[in-house]
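Shown next, in structure tokens, is the structure this report addresses.
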Amino acid sequence: SKVYGDGQQIHALDHVSFIRRSVESGALFPRDSFFREGDGIALDPRKGLWHPVLGLLTHASRVSADRLWSALPSLAAFFALGSFLWFALELCRSKVCASLALFALLIFQGGEGFPWLAKLGFSKNIAQVLLWALLAFLLCFYRSERRAYLWAAAALAAVGAAYHVVFS
């Protein structure tokens with residue numbers, strides 16, 4: 001597994017084990033994978049639907065769970081930065097301000113800055129990216145009052161809440 005620093009290696013083992021056991025067993029929420037703070041008897045409350053999605057990606061791509069986990073940040077970085085930039089553009093209504101906000105994100109996000117992008121595989125970070133897109137949709141709705149934006153925001157809210165409990 002990759003070493004992410006500050007105890008993140010344990011988290012990566014937890015997530016990779018969960019995804020691997022999901023693919024091997026065919027269960028969406030396997031109870032016999034490595035649990036960070038438990039014995040596997042009870043469902044880990046941090047596991048939302050993001051992990052079955054990663055299990056599906058692992059199965060469809062026919063790669064190992066740890067290989068997908070290590071490649072995931074590079075796959076998700078475009079969507080993360082694009083989602084933030086869209087949110088910043090809707091909020092600031094200025095390309096210069098949005099560019100400065102993106103620069104600040106890359107310097108300060110999560111107290112780490114740019115290295116935060118390496119942790120995009122974690123469901124809490126994916127939930128953050130979904131929140132940026134949700135807020136952008138809501139800002140679009142407030143300005144235009146088109147219901148399509150509101151429906152998209154509602155769908156993203158449901159997906160975000162399903163991915164990680166912290167999104168709620």
| said: Assess the residue pair Y163 and V53 against the criterion (side-chain contact (heavy atoms from CB on, under 4.5 Å)); give the C-alpha distance rounded to whole Å, side-chain angles, the decisive distance to 0.1 Å, and a yes or no. | reply: CA-CA 9 Å; Y163 274 12; V53 168; 3.7 Å; yes
| remark: When rounded to the nearest 0.5 Å, the distance separating SG of C140 from CH2 of W86 is 5.0 Å
| query | Do F114 and F122 share a hydrophobic cluster (ILVMFWY, side-chain heavy atoms under 4.5 Å, transitive)? | reply | yes
| message | Test your reading of the model: is there a side-chain donor-acceptor pair from S83 to the backbone of A133, 3.5 Å cut-off? | response | yes
| said: Between V159 and L134, is there a side-chain heavy-atom distance shorter than 4.5 Å? | reply: no
| query | Taking side chain as C-beta onward, heavy atoms only, is Y149 less than 4.5 Å from L138? | reply | no
| For L120 and L72, what are the C-alpha separation, side-chain angles and deciding distance, and is it a side-chain contact (heavy atoms from CB on, under 4.5 Å)? | CA-CA 7 Å; L120 278 174; L72 191 61; 5.9 Å; no
| Test side-chain hydrogen bond (donor to acceptor under 3.5 Å, both in side chains) applied to W116 - qualifying residues, sequence neighbours left out | N125
| Working for side-chain contact (heavy atoms from CB on, under 4.5 Å), residues R67 and T58 | CA-CA 9 Å; R67 183 166 182 149; T58 301; over 6 Å; no
| request: Could you pull out the closest heavy-atom pair between A71 and S74, with the gap in Å? | output: O-OG, 2.7 Å
| request: Hey, could you give me each pair passing salt bridge (charged side-chain N to carboxylate O under 4.0 Å, His left out) that has a residue in residues 128-153? Not counting sequence neighbours. | output: E90-R143
| said: Is there a side-chain contact between W132 and L105 in this structure, where contact means two heavy atoms from C-beta onward sitting under 4.5 Å apart? | reply: yes
| task | First locate atom CZ of F78, then atom CG of L117, and finally report the distance between them rounded to the nearest 0.5 Å. | result | 13.5 Å
| Spacing of S123 atom OG and L49 atom CG [to the nearest 0.5 Å] | 10.5 Å
| said: Can you tell me how far apart CZ (R93) and CG (L139) are? Round to the nearest 0.5 Å. | reply: 9.0 Å
| Hphob cluster co-occupancy, L75 + W69, side-chain heavy atoms under 4.5 angstrom | no
| L56: which other cluster members, linking ILVMFWY side chains closer than 4.5 Å, directly or transitively? | none
| said: Test of understanding: with ring-ring contact (aromatic ring centres under 6.0 Å, His included), list the residues that count as partners of F141, not counting sequence neighbours. | reply: none
| request: Mind listing the closest non-hydrogen atom pair of V129 and A80 along with its distance? | output: CG2-CB, 3.6 Å
| request: Mind listing the closest non-hydrogen atom pair of A118 and P73 along with its distance? | output: O-CG, 3.2 Å
| Distance (rounded to the nearest 0.5 Å) between L57 CG and I19 CD1 | 9.0 Å
| message | Under 4.5 Å between side-chain heavy atoms, counting indirect links through other Ile/Leu/Val/Met/Phe/Trp/Tyr residues: same cluster for L89 and Y142 or not? | response | yes
| query | To which residues is F108 joined in a hydrophobic cluster, defined by side-chain heavy-atom contacts under 4.5 Å among Ile, Leu, Val, Met, Phe, Trp and Tyr, whether direct or through other members? | reply | F103, I107
| field | Nearest-0.5 Å distance, CG of residue L91 to CZ of residue F84 | value | 9.0 Å
| Should K119 and E112 count as side-chain neighbours, where that means a heavy-atom distance under 4.5 Å? | yes
| Do L130 and L85 share a hydrophobic cluster, counting only Ile, Leu, Val, Met, Phe, Trp and Tyr and linking them when any side-chain heavy atoms are less than 4.5 Å apart? | yes
| task | List for me each residue that meets side-chain contact (heavy atoms from CB on, under 4.5 Å) alongside A152, sequence neighbours excluded, and say none if there are none. | result | F137
